[in-house]
Amino acid sequence: MHDLALGGASIDGGLYTWITGLAQRAPHALNTVISYGTDYGLGLFAVLMLLAWWHARRGDARRMALVLATPVVVVAAYLANDVIKSLFDEQRPCQTLHTVTVEACPGLGDWSFPSNHSAVAAAAAVALILCGSRLGRIAVPAALLMAASRVWVGAHYPHDVVAGLLTGALAAWAAMRVARGAAPAAAVERVRATRLRPLVAVR
């Protein structure tokens, strides 16, 4: 497994240096916007999940259960991606190729493959889609932009972000299948609790 880590530059190092070269020639204002986006953009997905809850609060209990599961799904996807990252000790491309990057290069031992940012973004997008939220239409392009920004600022190879997107999406899909199975039980419990309230009030 460590062979991939040692040979990361041979996979798409040329594409990485071409992209970071474009970034160096890009207007400073553009790089500033992308830098802020890549650093704080995951907050957008937290806002989208909060909005999904707000929209679902007046709907049926099953959908609410799925919406409430989305943050848990995202955390599970992050943990799955982090396990893979610990298996492939791939050095950051800015450490291996010594290129000039938009953002400061992470230190040694801060592994590159797969991209955590990309995995979290993809997991949030897939979870929002599978819980039936229209906000998934915003989350999907936002996740792709997050992944692209990680290469643009020099933090990852292109294959890192592709692997992160796939890991996050697959982990979220699997976790949401489990959540869908649990959602009917949650809906029944909610209906039962609603029916019992008048009896409790009478007592």
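Remark: His156 NE2 to Ser118 OG distance equals 6.5 Å, nearest 0.5 Å. Within the model, atoms SG of Cys131 and CG of Leu68 stand 9.5 Å from one another, a figure rounded to the nearest 0.5 Å. Rounding to the nearest 0.5 Å places CD1 of Ile84 at 7.0 Å from CZ of Phe113. Note that CD1 of Ile34 is 11.5 Å distant from CE of Met146, once rounded to the nearest 0.5 Å. Atom OH of Tyr78 and atom NE2 of His117 lie 10.0 Å apart (nearest 0.5 Å). The CZ atom of Arg150 sits 10.0 Å away from the CG atom of Asp160 when rounded to the nearest 0.5 Å.
Thr32 places none of its side-chain heavy atoms less than 4.5 Å from the side chain of Val102. When side chains are defined from C-beta on, Val153 does not count as touching Thr101, because their heavy atoms never get closer than 4.5 Å. Contact annotation: the side chain of Met176 never approaches that of Val126 to less than 4.5 Å [non-hydrogen atoms, C-beta and beyond]. Side-chain contact between Gln91 and Ser112 is absent, with no heavy-atom pair separated by less than 4.5 Å. Side-chain contact between Leu130 and Trp173 is present, with heavy atoms from C-beta onward closer than 4.5 Å. Between Tyr16 and Pro158, some side-chain heavy-atom pair lies under the 4.5 Å cut-off. Within the 4.5 Å cutoff, side-chain heavy atoms of Asn116 are placed close to those of Lys85. Taking 4.5 Å as the limit, every side-chain heavy atom of Trp152 sits out of range of all side-chain heavy atoms of Thr38.
Shortest non-hydrogen contact noted between Tyr157 and Thr96 is OH-CB, 3.8 Å. The minimum heavy-atom distance linking Gly154 with Pro93 is given by the pair O-CG, 4.1 Å. Looking at every heavy atom in both residues, Ala143 comes nearest to Leu165 through O-CD2, 4.0 Å. Taking every heavy atom of both residues into account, Val83 and Ser86 meet most closely at O-OG, 2.6 Å.
Without hydrogens or angle criteria, Asn31 side chain to Ala23 main chain gives a donor-acceptor distance under 3.5 Å. In this structure a side-chain-to-backbone donor-acceptor pair under 3.5 Å is missing from Arg92 to Pro106. Thr167 places no side-chain N or O within 3.5 Å of a backbone atom of Gly164 that could act as its donor or acceptor partner. A side-chain donor-acceptor contact under 3.5 Å links Asp12 to the backbone of His159. Looking only at distances, a side-chain donor or acceptor of Thr70 sits under 3.5 Å from a matching main-chain atom of Val67.
Under a hydrophobic-cluster definition in which Ile, Leu, Val, Met, Phe, Trp and Tyr are linked whenever side-chain heavy atoms come within less than 4.5 Å, directly or via other members, Tyr36 and Val47 are assigned to different clusters. When the side chains of ILVMFWY residues are joined at heavy-atom separations under 4.5 Å, either directly or via intervening members, Val73 and Met49 end up in two distinct hydrophobic clusters. When the side chains of ILVMFWY residues are joined at heavy-atom separations under 4.5 Å, either directly or via intervening members, Val74 and Ile138 end up in a single hydrophobic cluster. Leu22 and Val161 fall within the same hydrophobic cluster, defined by Ile, Leu, Val, Met, Phe, Trp and Tyr side-chain heavy atoms under 4.5 Å apart, directly or through other members. When the side chains of ILVMFWY residues are joined at heavy-atom separations under 4.5 Å, either directly or via intervening members, Phe45 and Leu135 end up in a single hydrophobic cluster.
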